[in-house]
Amino acid sequence: MENETVSSNQVSWTWADQISSYRFWGLFLFYLLLIIPNIILNVSYPFFTEMYGLSAVDLGMAMAFRSVAGFGGFWLAWFLIRMKNHFLLYLFSCLTIIGLILIVLSTSIAALATSFFLIGLGFGAISLAVPAIIAGGKGGSEMFVVSFGLITFYELLVWTSYSGLTDHLFELFQNPASFLIMGIVSSVLGTLLLIPVKAEPFAEPPAERDKVLPPVQRDPVIMVLLCLIPLYNIYYILHISYRLHGEVNSIHPTRKILSPRAALWSTLLLSVLSPMIVSSLNTNLAREFEENNLPGFHRNGAIIFWSFLFIPVSYALIQANLNRLVRNTAAGREEPVR
């Protein structure tokens, strides 16, 4: 009886299922938008010295409260995972928002230190809880790598971007309070994007895939050339990513590749995943070749290699494999001449 209960609670989610659902995107965007207030704090030293007349040493001590609180967020994240419910993320974002509001209203070093502590506590918990929720969605080790890899990549990207734009931001926001309001707006927006995410994001079975597209033969060389046209190439790469995922799924139905819509958004926003996306797409075509004893298909090595150099070539190689399968299927349906 106990074994039956355990097996009934095991829900099969692939990494592609998770990325194909809004549950992943809501959590990911929530995390991404909650990075911004912390970046703002790090580039706001001139504002804080102007607002409070603090020395670098005093300000450094106040900022240290955020680092200490960040470690304390570890326990909040652990508590959230034990509860198996993401609703505590709302509390963590509220800590960040309240901390930012207190900075705007603060008039003393003690109030500033308290604000930093609340922000550090909230973001410390979020930075651990969100990857854990995503990686715990039964997508296996692949999703573990994807979730932590994406979050690390985009955190570094945002940090680098904001550090380079610091002087321009100071010129744009002469009022220190206006500068900090950017962080409040970002935090509120991230919290709103979290609302549609279910309480236990990956407890239910994944949605059924019903979007399949009829395979179309295309000239791989023409595909690469079209991707060289400025501006149009962006649209064409997104279009090809969308089409190929739907067409491959019509030939070899599987939940181990992204849905067409998720492929489009991932190509646009998660280009760092391109090697993983194209290799999983081609793997399913390769299985079809092997099942039909067809030799000579392009393997994943070349496709992954080109995904780092020039992604249209990877799509062209996948299209060449798809063309062969389409021609083989058409030849198999032809009636022998008598």
Side-chain angles (χ1 to χ4, degrees), residues 11-29 31-32 131 133-151 153-154 193 196-198 201-202 204-216 218 223 227 234-288 298-300 303-304 306-308 311-319 321-322 325:
V11 181
S12 177
W13 281 78
T14 66
W15 73 273
D17 282 331
Q18 288 186 251
I19 296 182
S20 297
S21 69
Y22 178 80
R23 305 169 194 198
F24 165 81
W25 289 96
L27 288 165
F28 176 68
L29 293 174
Y31 181 93
L32 204 59
I133 292 171
I134 295 173
K138 300 182 175 64
S141 56
E142 283 182 298
M143 202 58 207
F144 180 85
V145 173
V146 168
S147 61
F148 282 89
L150 281 177
I151 282 172
F153 173 78
Y154 277 95
L193 290 174
V197 180
K198 295 181 179 294
F202 305 107
E204 301 173 355
E208 293 294 329
R209 303 282 187 89
D210 55 359
K211 187 68 173 179
V212 295
L213 303 171
V216 176
R218 305 175 184 87
M223 288 175 61
C227 290
I234 298 174
Y235 161 78
Y236 190 71
I237 290 174
L238 294 174
H239 171 73
I240 285 299
S241 180
Y242 179 89
R243 289 289 313 184
L244 284 179
H245 279 80
E247 292 173 23
V248 169
N249 203 44
S250 69
I251 290 179
H252 191 98
T254 179
R255 290 187 7 254
K256 293 184 178 180
I257 64 173
L258 299 173
S259 68
R261 186 179 300 172
L264 187 153
W265 284 108
S266 296
T267 303
L268 180 64
L269 301 176
L270 306 179
S271 57
V272 68
L273 291 183
S274 292
M276 188 174 182
I277 292 172
V278 295
S279 65
S280 63
L281 192 58
N282 193 63
T283 295
N284 287 282
L285 283 178
R287 287 174 183 163
E288 193 71 19
H298 298 289
R299 298 182 181 274
N300 279 344
I303 289 171
I304 293 174
W306 280 105
S307 70
F308 287 103
I311 190 69
V313 176
S314 295
Y315 284 127
L317 295 176
I318 293 173
Q319 182 66 54
N321 286 343
L322 182 63
L325 283 177

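Heavy atoms only: backbone and side chains are in, while hydrogens, waters and symmetry mates are out.
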Original post:
Minimum heavy-atom separation for Asn284 to Ser280, with atom names?
Top reply: ND2-O, 2.8 Å
Original post:
Heavy atoms, side chains only, cut-off 4.5 Å: are Ser21 and Phe202 in contact?
Top reply: yes
**OP:** Specify the closest pair of heavy atoms between Trp25 and Ile19, including all atoms of both residues, with the distance to one decimal.
**Re:** NE1-O, 2.8 Å
Original post:
Is there side-chain contact between Trp13 and Arg23, with heavy atoms separated by less than 4.5 Å?
Top reply: yes
**OP:** To the nearest 0.5 Å, tell me how far Ile257 CD1 sits from Leu244 CG.
**Re:** 9.5 Å
Subject >> Separation between CD of Gln18 and CZ of Arg255, rounded to the nearest 0.5 Å >> reply: 11.0 Å
Please set out all donor-acceptor pairs under 3.5 angstrom arising from side-chain atoms of residues 266-278, sequence neighbours excluded.
residue : atom : partner : partner atom : Å
Ser266  : OG   : Ala262  : O            : 2.8
Thr267  : OG1  : Ser241  : OG           : 2.8
Thr267  : OG1  : Ala263  : O            : 2.7
Ser274  : OG   : Ser271  : O            : 2.7

Original post:
Any chance the side chains of Thr14 and Asp17 put a donor and an acceptor closer than 3.5 Å?
Top reply: yes
Subject >> Nearest-0.5 Å distance that lies between atom SG in Cys227 and atom OH in Tyr235 >> reply: 12.0 Å
Subject >> Value rounded to 0.5 Å, distance of CD in Gln319 from CZ in Arg218 >> reply: 4.5 Å
Original post:
Are the side chains of Glu247 and Ile318 in touch, meaning some heavy atoms are under 4.5 Å apart?
Top reply: no
**OP:** Check for a donor-acceptor pair, side chain of Asn321 on one end and backbone N or O of His298 on the other, with a separation under 3.5 Å.
**Re:** yes
Original post:
What distance do Leu258 atom CG and Trp15 atom CH2 have between them, rounded to the nearest 0.5 Å?
Top reply: 4.5 Å
**OP:** Calculate, to the nearest 0.5 Å, the distance between atoms CG and OG belonging to Leu322 and Ser250 respectively.
**Re:** 7.5 Å
Original post:
Does a side-chain heavy-atom distance below 4.5 Å link Ile237 with Pro312?
Top reply: yes
Subject >> Closest contact, heavy atoms only, Tyr22 versus Leu193 >> reply: OH-O, 2.6 Å
Subject >> Contacts of Thr283 that satisfy side chain to side chain donor-acceptor pair (under 3.5 Å) - sequence neighbours left out >> reply: Asn300
Subject >> Note, Ile303 side chain near Ser279 side chain (heavy atom, < 4.5 Å) >> reply: no
Original post:
Can you tell if the side chain of Trp265 reaches within under 4.5 Å of the side chain of Arg261, non-hydrogen atoms only?
Top reply: yes
